[in-house]
Amino acid sequence: MASTLSQTIFFSILLFLSLHQAYAKKTHLHFYFHETILGPNATVMTVVRAPNSTSDALAFGAIAVVDDILREGEDENSTLIGRCQGLVAEVGLDGSRETLQNFVFTDGKYNGSTLAVYGKHVSATKMETLIIGGTGLFRMTKGYTIGIPLLITDSKVIYEFDVYVWHMEMKDD
């Protein structure tokens, strides 16, 4: 009996996943991530300093919070489309970071929707992260992001992002 129930549940899950794939809408988003590291308008802040560090700079063991800006273009005056809010932890001696962030859209078609993004990132390199969920028009989401560094200075970082999302476009009930 338990075996039959297990098989039924297993095949129900497989059916759901295959239907999701068959009916999921693919959306491609393209935008620019702007991070300000220094000054009164900094969008990243170290909240746990690495035990062996004497500075606020991220080093192995440090944790930071971010509230970065998402814009339509590379220019800092281009249209604001949302924020990237979350946590960054320095997890590798090689400078790699673990990120858990939400892309929070505040303008356009996806205003009020979010994408939950998770992954590993090594500073100043191309990054690929997972999309593990979403809200609003991005409920039932899966996908990935690709970020290319365009500008990295002591005070500013700009990444160009391509985001590929498979989701069921749902309306509020």
Side-chain angles (χ1 to χ4, degrees), residues 26-108 110-136 138-167:
K26 180 182 178 185
T27 299
H28 172 236
L29 303 172
H30 182 257
F31 52 81
Y32 295 81
F33 166 101
H34 293 251
E35 182 171 87
T36 304
I37 299 168
L38 300 172
N41 297 319
T43 59
V44 61
M45 179 178 290
T46 302
V47 293
V48 176
R49 185 180 291 172
N52 59 351
S53 176
T54 58
S55 75
D56 284 337
L58 289 178
F60 179 67
I63 299 174
V65 293
V66 297
D67 187 11
D68 295 323
I69 298 170
L70 303 179
R71 295 193 177 277
E72 280 186 354
E74 185 177 347
D75 185 85
E76 64 184 34
N77 295 315
S78 63
T79 302
L80 174 71
I81 62 165
R83 308 293 291 203
C84 174
Q85 299 170 328
L87 300 170
V88 177
E90 293 289 327
V91 297
L93 293 172
D94 63 352
S96 60
R97 300 173 175 167
E98 203 73 21
T99 63
L100 182 56
Q101 301 169 327
N102 284 295
F103 292 157
V104 180
F105 297 97
T106 58
D107 188 51
Y110 302 109
N111 183 21
S113 298
T114 66
L115 290 170
V117 181
Y118 173 78
K120 183 177 180 177
H121 167 236
V122 177
S123 293
T125 65
K126 176 180 173 182
M127 64 188 290
E128 184 171 340
T129 56
L130 300 169
I131 296 172
I132 58 175
T135 65
F138 292 124
R139 292 180 190 147
M140 306 285 292
T141 291
K142 61 182 178 178
Y144 64 97
T145 73
I146 296 176
I148 306 291
L150 300 179
L151 173 73
I152 298 175
T153 68
D154 289 342
S155 62
K156 188 153 190 78
V157 174
I158 299 175
Y159 266 78
E160 180 178 16
F161 266 93
D162 281 296
V163 177
Y164 300 92
V165 182
W166 287 264
H167 59 102

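The figures that follow rest on heavy atoms only: side chains count, while hydrogens, waters and symmetry mates do not.
H34 and E74 are not linked by any side-chain donor-acceptor pair at a separation below 3.5 angstrom, with hydrogens and angles left out of the test. In the model, T129 has a side-chain atom that pairs as donor or acceptor with a side-chain atom of T145 under 3.5 Å.
Aromatic ring orientation, F138 versus F105: tilted (interplanar angle from 30° to 60°).
Not counting sequence neighbours, the partners of D67 by the salt bridge (charged side-chain N to carboxylate O under 4.0 Å, His left out) test are R83. Partners of S96 under the side-chain contact (heavy atoms from CB on, under 4.5 Å) rule, at least two apart in sequence or in another chain, are V91, D94, K120, V122. By the side-chain contact (heavy atoms from CB on, under 4.5 Å) test, L130 is found to be paired with I132, residues two or more places apart in sequence or in another chain being considered.
For T46 (side chain) and R49 (main-chain N/O), no donor-acceptor pair under 3.5 Å exists by modelled atom type. Side-chain atoms of T43 come within 3.5 Å of backbone N or O of T36 as a donor-acceptor pair. Under a 3.5 Å cut-off, the side chain of T99 and the backbone N or O of G119 do form a donor-acceptor pair. A donor-acceptor distance shorter than 3.5 angstrom exists from the side chain of R71 to the backbone of E76, with no hydrogens or angles considered.
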Derivation and outcome, side-chain contact (heavy atoms from CB on, under 4.5 Å), residues L29 and L115: CA-CA 11 Å; L29 303 172; L115 290 170; 4.1 Å; yes
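In this structure, T27 and Y110 have side chains that are in contact, with non-hydrogen atoms separated by less than 4.5 Å.
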